[in-house]
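Reading through the structure tokens given below for one structure.
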Amino acid sequence: MSNNTQSKKESSLIAENGPWAAVGEHPNAITNRFYTYERVQEIVAFIQNIVPAKPEVAIICGSGLGGLAELVVDKVVIPYADIPNFPRSTVAGHRSNLVFGILNGISIVCMQGRFHPYEGYTTAACAFPVRVMQMLGAHTLIVTCAAGGVNKSYRVGDIMLIKDHINFPSMAGNNPLIGHNDERFGKKISFCLRPRFPPVGHAYDRQYASQMKQIAAKHNIELREGVYCALGGPCYETIAEINLLRVLGIDAVGMSIVHEVTLGAHCGLRMLGLALITNKCLSEYDSTIEAVHEDVIRISELKANELQQLILDFVGGVKTNKT
Ligand SMILES: O=P(O)(O)O[C@H]1O[C@H](CO)[C@@H](O)[C@H]1O
């Protein structure tokens, strides 16, 4: 290749991708480049070819919580591996399936397995399926996760309704919306296309939260309500970090959800978040108990029934809301 051709190629790369494209760049800068609107559209078209029905509710299952998909009837299961350009879940307790069907009378799509930044994916790659599900027709997103109990009053097995979150990766400059803001994502609301600076103060829908509280009361399930915080992982927290999170008023800690909710807010989804407290976070130096993922999955699977009951009832209510 001549010097001239080489430099033309480099300039077009730079024009397309920014000044660092030709020489490599800081990983935070590449976040939303791969899953362009066109690529997401291709994935949506691929899925619609297999499942023409429009899902109304999208559900993302956390560690050990994928059993919810077993309750879906008239099911169509698409392994992530069969979908062009779809990542794979690499973590135990996360199957890699997109499950379509009917849950308590409503058409849903359920991610049996999510993606975490510590698996090596950018936050944008972790969260882009939210856009896929929205483009397929979903107007509501339910995110579930396993989390460590930071709040000292929380017990293992508690379910926490997520009132709000602290997105530590984003505070450190790692947000899935970094990069080009494609306003075609999401639906047009009045004159406001998806904005460059999306508000997330009300990302968790207050009406959905109060419906969930009523459902929990009906089933005699004690529901906690608190603030979830995401750290990058994959290490669990140090004792000093847990003590810091406590000072900050955080109730539960995990390594997911926040990037999904960010894209959900950007594309106008109504959202509900539920965290299952799978372990108490260590906060004393003389304690020998450490968090382990095997316990996280074991507790999730053990308590999955309660969580499933709540989601089942909630989804039924979403249907009523829509009419
Ligand atoms: O948030 P989910 O996917 O439920 O998984 C949680 O469990 C894993 C740690 O045990 C981390 O991935 C943490 O985020």
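Indexing begins at 1, ligand by ligand and atom by atom, following the structure's order. Heads up: numbering here begins at 1 and tracks the sequence.
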Numbered atoms and elements of ligand 1 in range of Y236, under 4.0 angstrom, heavy atoms: 9 (C), 10 (O)
Ligand-side contact atoms (ligand 1) for residue partner G62, heavy atom cut-off under 4.0 Å: 4 (O)
R39 to F34 six-membered ring, cation-pi geometry met (6.0 Å, 45°): yes
Pair R155 + E222, salt bridge at N-O below 4.0 Å: yes
Salt bridge (charged side-chain N to carboxylate O under 4.0 Å, His left out) partners for K213, two or more places apart: E225
Interfacing atoms of ligand 1 (cut-off 4.0 Å, heavy-atom, H94): 3 (O)
Atom 13 (C) of ligand 1 [closest protein heavy-atom partner, distance rounded to 0.1 Å]: M255 N, 3.8 Å
CA sep, side-chain torsions, deciding dist, call: F168, I250, side-chain contact (heavy atoms from CB on, under 4.5 Å): CA-CA 12 Å; F168 270 109; I250 287 155; 4.1 Å; yes
Qualifying side chain to side chain donor-acceptor pair (under 3.5 Å) pairs, either residue in residues 81-93, two or more places apart: T90-E119
Heteroatom proximity flag, Y228 to ligand 1, N/O under 3.5 Å: no
Identity and separation of the nearest protein heavy atom to atom 1 (O) of ligand 1: S256 OG, 2.5 Å
Nearest protein heavy atom with distance in Å, relative to atom 12 (O) of ligand 1: Y118 OH, 2.6 Å
Point-to-point distance, once rounded to the nearest 0.5 Å, from CG of L276 to CZ of R224: 12.5 Å
Residue, atom name and distance, where the atom is the protein heavy atom closest to atom 3 (O) of ligand 1: H116 NE2, 2.6 Å
Interatomic spacing from CD in E56 to CD1 in I106 - rounded to 0.5 Å: 4.0 Å
Heavy-atom donor-acceptor pair, S287 side chain to L282 backbone, under 3.5 Å: no
Proximal atoms of ligand 1 relative to C145 (non-hydrogen, under 4.0 Å): 1 (O), 4 (O)
Atom indices of ligand 1, in the order listed, that fall short of 4.0 Å to a heavy atom of S63: 2 (P), 3 (O), 4 (O), 5 (O), 6 (C), 7 (O), 8 (C)
Ligand 1 to A146 polar contact by distance, N or O atoms, under 3.5 Å: yes
